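First the proteins, then the strands, lettered A, B, ... as listed; each starts at 1. Because the structure is predicted, anything quoted here is derived from the model rather than measured.
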2 protein chains.
Amino acid sequence: MSFRTHTCGELNAEYNQKEVSLSGWVHTWRDHGGIIFIDLRDRYGITQIVFNPDRDPELHNRSKTLRAEYVIKVTGIVNIRPEGTKNPKLSTGDIEVFARSMDLLNVSKTPPFSIDEDTDVGEDIRLKYRYVDIRRPFMTANLVGRHKIAIAARNFLNSHNFVEIETPMLTKSTPEGARDYIVPSRIYPGQFYALPQSPQIFKQLLMASGMDRYYQLARCFRDEDLRADRQPEHTQIDIEMSFVDEEDIYSTVESMLQSIFKEVLCENISLPLPRMPYKEAMERFGSDKPDLRFGMELVDFSDISAHCDFNVFRGTVDKGGKVRGLCVKQGSSISLSRIEELTSLARELGAKGLAWMKVDENRSLKAPIVKFFSEDLQKDLLDQAGAEPGDLILFVADKDSLVCTVLGHLRLRIAKSQGIIDTNRKELLWVTEFPLFEYDEEEKRWQAMHHPFTSPKEEDIPLLKTDPGKIRARAYDIVYNGTEIGGGSIRIHQREVQELMFQALGIGKEEAEIKFGFLLKALDYGFPPHGGLGMGLDRLSMLILNLNSIRDVIAFPKTQRAQCLLSDSPSEVSEKQLREVHIRTAGKKKEENK
Amino acid sequence: MSFRTHTCGELNAEYNQKEVSLSGWVHTWRDHGGIIFIDLRDRYGITQIVFNPDRDPELHNRSKTLRAEYVIKVTGIVNIRPEGTKNPKLSTGDIEVFARSMDLLNVSKTPPFSIDEDTDVGEDIRLKYRYVDIRRPFMTANLVGRHKIAIAARNFLNSHNFVEIETPMLTKSTPEGARDYIVPSRIYPGQFYALPQSPQIFKQLLMASGMDRYYQLARCFRDEDLRADRQPEHTQIDIEMSFVDEEDIYSTVESMLQSIFKEVLCENISLPLPRMPYKEAMERFGSDKPDLRFGMELVDFSDISAHCDFNVFRGTVDKGGKVRGLCVKQGSSISLSRIEELTSLARELGAKGLAWMKVDENRSLKAPIVKFFSEDLQKDLLDQAGAEPGDLILFVADKDSLVCTVLGHLRLRIAKSQGIIDTNRKELLWVTEFPLFEYDEEEKRWQAMHHPFTSPKEEDIPLLKTDPGKIRARAYDIVYNGTEIGGGSIRIHQREVQELMFQALGIGKEEAEIKFGFLLKALDYGFPPHGGLGMGLDRLSMLILNLNSIRDVIAFPKTQRAQCLLSDSPSEVSEKQLREVHIRTAGKKKEENK
């Protein structure tokens with residue numbers, strides 16, 4: 001049986017009077033004065049099928065029994081639709097097919113929701129019936145779009161001498177800072193594989209292997225409590241290159257992104273992308289992933305505050321802190337209760353409070369705290385903020401890192417509610433010169449800001465022993481409209497630097513040997529200078545396709561509770577399976593383990 | 001620092017007198033009358049570097065300190081080599097580079113084995129120092145070759161409307177017959193994910209999702225005791241199509257293979273590929289993956305044996321068994337001790353023995369058992385075997401399936417030792433019409449020969465309730481030079497057939513609901529006719545690249561004991577990790593679990 005000569009998205013006036021066969025799903029069924037019209041749907045489109053009682057009463061009768069989502073094969077003759085009944089929205093809207101025969105391939109129960117562009121059914125139901133959900137043109141397009149992004153990335157990399165190399169999934173715990181998924185071994189009782197959080201060590205070893213340019217669309221696993229845009233497993237465009245510095249990475253990755261945008265969206269990104277050191281990003285945008293689609297940059301009021309009579313401000317500056325703020329254009333109409341909400345947000349983020357002044361129509365400052373500022377200082381404030389009549393100025397005073405972070409969040413929150421983000425803009429940039437370490441207040445020790453294989457800047461290496469907090473890393477993130485879509489670094493390729501790094505992180509020699517001994521050993525055998533980057537394919541796809549949820553670009557995602565509602569996993573396994581891999585569940589009673 | 005202007009495989013006479021920079025590994029170091037020659041190596045090739053003491057004594061002195069596998073950057077001037085010193089084996093053999101400056105990028109200990117085409121070091125050492133092993137041109141070429149095969153497959157599928165869709169790795173136990181790797185859940189105590197043995201159910205659900213043509217280069221996991229060419233994780237070119245029958249699958253997969261052979265080996269495969277029903281393959285070649293590069297087909301001596309006086313043969317035929325044999329061309333020179341070895345092999349495979357006759361120069365049969373055959377029967381034997389003077393005829397008598405299997409193994413063993421396999425031939429074929437079930441003697445029940453979603457032939461469906469052993473499946477394997485490289489089937493798309501199938505397999509309603517409930521439910525919602533195939537990428541790559549071990553096309557393989565000698569995994573994990581996922585190792589004492 002040949003199921004079809006064409007797809008449901010293919011026929012047009014050129015096929016007039018040709019006999020064709022189509023297979024697909026009954027999308028809609030309409031009886032117009034005895035004539036039955038069916039929209040037949042497949043992945044490629046929709047074609048209108050006509051069952052005319054005058055032509056074939058038996059066939060017409062059978063067509064009456066069809067229901068939504070029945071699967072049929074239809075053979076018939078293409079006809080140009082009468083003028084006035086053409087549908088310009090459909091690629092096949094100029095024609096219809098007069099049915100000559102029909103095979104019922106499968107029936108369907110009434111689907112739990114309709115196969116429409118917009119469905120307001122809850123996501124849980126969509127995930128449980130994912131095979132119905134994906135039939136929606138919205139989801140089909142998302143999966144095809146993701147596929148095209150992957151093709152564009154691969155084509156670019158293949159044509160630039162990169163080799164895709166698969167690295168193991170059953171491997172050893174990798175130190176990416178998150179929790180590993182572990183897999184008990186049957187052959188080695190009491191031992192475990194770990195699923196990779198990334199191919200980091202293996203891709204570095206591939207550089208030691210001389211493979212020169214590696215990539216992989218690699219599945220990565222993190223057993224973390226999931227945020228909105230995280231999944232227990234995600235896919236990374238994973239890249240590593242030998243004999244490179246930052247410039248080589250930037251130009252390669254930028255060109256790859258340019259190629260993806262061109263292939264998928266037919267849009268041109270102009271290169272080179274802007275770059276911004278971490279420090280600048282924090283001070284201007286309060287974020288290491290600044291959204292450049294709008295301004296409202298942070299303003300430094302510290303010098304002015306040092307001379308005012310407002311104790312909170314002056315005291316902060318005296319103690320080495322900072323007073324920074326935002327000038328919200330035309331924000332003086334924001335209500336006090338809304339400002340109260342923003343203050344709550346600031347407090348949640350760790351600030352002690354949020355001060356504000358409104359700029360009236362005469363460009364005078366109005367607020368209870370204005371009285372603590374002399375007229376000169378008020379003028380300085382207005383000038384420093386670039387304030388105009390009708391604006392609102394917000395202030396946070398605290399230690400600088402907190403001030404920036406809080407204002408960064410407020411900036412985004414206000415921009416969204418004010419609707420000032422131009423969603424047509426596509427703003428990519430590199431954030432560079434990250435600190436190598438961040439101090440973990442809870443554990444009272446330094447943590448690697450990226451991972452422990454990140455190279456410090458050459459000139460900062462001596463600080464490893466003296467002042468780790470000051471070291472700048474050769475690390476970089478790529479940011480798209482305020483979201484980090486990828487990050488990487490030039491790696492350490494010299495054993496002595498790697499050992500200094502472990503020391504600075506408080507990883508003892510023995511621990512380093514157990515965890516990373518095989519990498520340390522490889523560093524002894526001619527490891528070339530190298531660097532790379534990992535870019536989240538799921539998130540990149542979501543952003544390029546302009547979607548709100550990462551789950552909309554994943555065929556079978558997990559919920560935020562790490563559950564697959566479709567297959568109902570995780571689930572229990574048999575005692576036999578547990579025995580074979582030499583484990584017991586911790587909660588089980590002894591008797592069950594006999 | 002810019003590390004290179006060119007690669008080590010790129011320069012030729014056209015670059016004469018140009019200044020270039022190269023980076024790579026010191027492959028060899030030679031002192032010829034005070035002038036030092038270095039072969040500098042990277043992934044792309046080797047370039048000869050010359051350090052002349054007359055030109056720059058200090059640089060020449062530094063070049064003396066270089067050792068094998070040191071990593072250097074060299075800047076210098078390309079020169080055409082003097083006649084007589086050119087090396088036609090190297091793409092860069094016409095030139096050398098006169099060094100002007102040199103940076104030492106990294107040192108190396110003496111590597112555990114040399115970076116040569118042929119190294120006789122044991123595989124364990126190669127795997128432990130895989131990053132040294134991969135520098136060998138042999139391994140580099142293997143990984144690049146595998147990459148090219150993957151590109152060719154993807155390009156073909158992309159251009160034929162297939163969409164690559166990633167399916168979950170953390171999923172539910174799938175019923176492929178092998179043992180699952182399981183992954184304990186942290187969020188759901190006592191519950192587990194399973195790593196997929198294949199994306200089987202998910203790809204079928206993608207057909208229900210209307211995705212029409214799916215593929216994925218999918219990582220698959222099997223916790224089995226490993227044979228020589230198996231790995232705990234392997235990669236499968238996984239394909240599924242809707243609205244197709246076997247012909248659509250055959251033509252698509254054949255064309256894909258044709259495209260791969262063309263792109264990777266520049267060889268043309270003529271299509272369509274031959275097809276052979278399972279029964280014929282067993283009776284002619286004693287194997288469901290017949291090696292067609294040589295003849296020596298099985299010969300049926302049952303009718304002749306029915307009339308002979310040799311009780312073993314006649315008795316077997318009387319009881320419904322078969323007597324089949326092989327005619328080994330010019331095999332009469334095979335020694336009796338060698339025949340004894342073949343007999344041992346036959347016994348290991350389950351046969352009771354192996355009978356033989358030699359054909360002498362007069363085309364007369366010589367052997368102790370010849371006396372049990374009349375002269376007419378002897379003539380019939382010779383004719384049936386197509387025997388010529390100097391041949392050897394071997395016989396096995398038993399129930400037919402055993403006879404065929406044993407002879408199939410003998411056929412391969414003898415062909416290898418006789419050296420009659422033409423290793424230049426590439427023989428691809430489809431084996432079709434597999435039985436749907438095979439009887440599991442140990443468990444006394446029917447097992448699915450492929451998997452329980454394989455569709456029976458339409459006309460055999462009624463046999464599901466009456467005579468399962470007779471049912472032919474809509475299943476097919478693709479075989480290359482005697483190795484199965486892929487297999488698949490048209491699947492069941494109707495719920496009632498799937499339920500009959502589970503019944504025939506002795507899977508009760510409740511068990512079916514727990515294991516496959518989500519698939520059964522999906523069958524209710526308009527599941528289209530569909531089918532597909534999985535093809536082992538590792539094995540395909542090994543065969544196309546003409547290698548002996550699957551591990552030679554995998555960057556970081558496991559040993560046959562499922563161990564990674566490089567990273568030393570599996571390994572122990574902390575008690576904290578075990579507690580977090582609510583498991584204990586079975587051997588641990590109670591105190592350790594406090």
Inset, instruction - With a 4.5 angstrom heavy-atom cut-off, could you sort out which part of A:Arg561 is near chain B: side chain, backbone, both or neither? - result: both
Inset, instruction - Report the option among A:Ile554, A:Asn155, A:Asn161, A:Ile514 that has the most heavy-atom pairs separated by less than 4.5 Å from atoms of chain B. - result: A:Asn161
Inset, instruction - Just give me the residue among B:Pro189, B:Ser567, B:Ala208, B:Gly24 that pairs up with chain A most often, heavy atom to heavy atom, under 4.5 Å. - result: B:Ser567
Legend entry - Contact class of B:Tyr215 relative to chain A, heavy atoms under 4.5 angstrom: side chain
Legend entry - Winner by heavy-atom pair count (cut-off under 4.5 Å) against chain A, out of B:Gln191, B:Gln494, B:Lys128: B:Gln191
Inset, instruction - Answer with side chain, backbone, both or neither: which region of B:Met139 has an atom nearer than 4.5 Å to a non-hydrogen atom of chain A? - result: neither
Inset, instruction - Measure from the side-chain N and O atoms of A:Tyr188 to the backbone N and O of B:Ser569, and report whether any donor-acceptor pair falls under 3.5 Å. - result: no
Legend entry - Contact leader toward chain B among A:Val183, A:Leu170, A:Ile165, where contacts are heavy-atom pairs under 4.5 Å: A:Leu170
Inset, instruction - Evaluate the criterion side chain to side chain contact (heavy atoms under 4.5 Å, CB included) for residue pair B:Leu205 and A:Arg130; output intermediate values, then yes/no. - result: CA-CA 9 Å; B:Leu205 291 175; A:Arg130 192 60 156 180; over 6 Å; no
Inset, instruction - Side-chain contact test, heavy atoms from C-beta onward, threshold under 4.5 Å: evaluate it for B:Pro184 versus A:Pro184 and give yes or no. - result: yes
Inset, instruction - Taking all heavy atoms of B:Leu143 and all of A:Val163, pick out the closest pair and write down the distance. - result: O-CG1, 4.1 Å
Legend entry - Considering all heavy atoms, the nearest A:Glu166-B:Leu537 contact: OE2-CD2, 3.9 Å
Inset, instruction - Would you mind telling me which of A:Val144, A:Val132, A:Thr235 has the largest number of heavy-atom pairs within less than 4.5 Å of chain B? - result: A:Thr235
Legend entry - Which portion of B:Arg136 sits near chain A, non-hydrogen atoms under 4.5 angstrom: neither
Legend entry - Full working for side chain to side chain contact (heavy atoms under 4.5 Å, CB included) between A:Arg219 and B:Arg219: CA-CA 10 Å; A:Arg219 201 73 64 89; B:Arg219 201 73 64 89; over 6 Å; no
Inset, instruction - Give the member of A:Glu69, A:Glu247, A:Lys558, A:Gln577 that has the highest number of heavy-atom pairs under 4.5 Å with chain B. - result: A:Lys558
Inset, instruction - Find the distance between OH (A:Tyr214) and CZ (B:Arg43) and round it off to the nearest 0.5 Å. - result: 13.5 Å
Legend entry - Side chain, backbone, both or neither of B:Ser185 within contact of chain A (heavy atoms, under 4.5 Å): side chain
Inset, instruction - Look at B:Glu233, B:Met207, B:Arg146 and state which one has the largest set of heavy-atom pairs under 4.5 Å with chain A. - result: B:Glu233
Legend entry - Short side-chain to backbone donor-acceptor contact, B:Asp524 and A:Lys109, under 3.5 Å: no
Legend entry - Shortest non-hydrogen contact from B:Gly210 toward A:Trp25: CA-CH2, 3.5 Å
Legend entry - Passing candidate, salt bridge (charged side-chain N to carboxylate O under 4.0 Å, His left out) with A:Asp212, options B:Arg135, B:Arg41, B:Arg4: B:Arg4
Inset, instruction - Identify which part of B:Thr7 has an atom lying under 4.5 Å from any heavy atom of chain A, answering side chain, backbone, both or neither. - result: neither
Legend entry - Proximal component of B:Lys521, with respect to chain A [non-hydrogen, under 4.5 Å]: both
Legend entry - Side chains of A:Phe556 and B:Thr171 in contact at under 4.5 Å (non-hydrogen atoms): no
Inset, instruction - Identify which part of B:Leu566 has an atom lying under 4.5 Å from any heavy atom of chain A, answering side chain, backbone, both or neither. - result: both
Legend entry - Part of A:Ala150 lying under 4.5 Å from any heavy atom of chain B: neither
Legend entry - chain A contact via B:Ala562 - which portion, at a heavy-atom distance below 4.5 Å: both
Legend entry - Closest non-hydrogen atom pair between B:His147 and A:Glu164, with its separation: ND1-N, 3.0 Å
Inset, instruction - Identify the heavy atoms of A:Phe192 and B:Ile583 that sit nearest to each other, and give their distance. - result: CE2-CD1, 3.7 Å
Inset, instruction - To the nearest 0.5 angstrom, please state how far the NZ atom of A:Lys172 sits from the OG atom of B:Ser571. - result: 4.5 Å
Inset, instruction - To the nearest 0.5 Å, tell me how far B:Ile187 CD1 sits from A:Gln560 CD. - result: 10.5 Å
Legend entry - Parallel, tilted or perpendicular, as decided by the 30° and 60° cut-offs, for the rings of A:Tyr181 and B:Tyr193: perpendicular
Inset, instruction - Examine whether an atom of B:Arg495 lies under 4.5 Å from a heavy atom of chain A, and if so say whether it belongs to the side chain, the backbone or both; otherwise answer neither. - result: neither
Inset, instruction - Before giving the answer on side chain to side chain contact (heavy atoms under 4.5 Å, CB included), spell out for A:Leu195 and B:Leu195 the whole-Å C-alpha distance, their side-chain angles and the decisive distance to 0.1 Å. - result: CA-CA 10 Å; A:Leu195 301 180; B:Leu195 301 179; 4.1 Å; yes
Inset, instruction - Would you name the heavy atoms of A:Met211 and B:Ile134 that are closest together and state the gap between them? - result: SD-CG2, 3.7 Å
Legend entry - Aromatic plane relationship, B:Tyr525 with A:Tyr131 - under 30° parallel, 30 to 60° tilted, over 60° perpendicular: tilted
Legend entry - When B:Pro112, B:Ala555, B:Ala522, B:Pro557 are compared by non-hydrogen pairs under 4.5 Å with chain A, the top option: B:Ala522
Legend entry - Most contacts with chain B, counted as non-hydrogen pairs under 4.5 angstrom, among A:Thr140, A:Ile182, A:Asp568, A:Thr110: A:Ile182
Inset, instruction - Keeping the roles fixed (side chain from B:Asn106, backbone from A:His493), state whether a donor-acceptor pair exists under 3.5 Å. - result: yes
Legend entry - chain B interface, residue from A:Leu519, A:Asp42, A:Leu523, A:Val107 that has the most non-hydrogen pairs under 4.5 Å: A:Val107
Inset, instruction - Tell me, for B:Pro528 versus chain A, whether the close heavy atoms (under 4.5 Å) come from the side chain, the backbone, both or neither. - result: both
Legend entry - Gap between atom OG of B:Ser242 and atom CZ of A:Phe3 - 0.5 Å precision: 9.5 Å
Legend entry - Heavy-atom proximity to chain B below 4.5 Å, by part of A:Pro168: both
Legend entry - Engaged part of B:Gln216 at the chain A interface, taking heavy atoms whose separation is under 4.5 Å: side chain
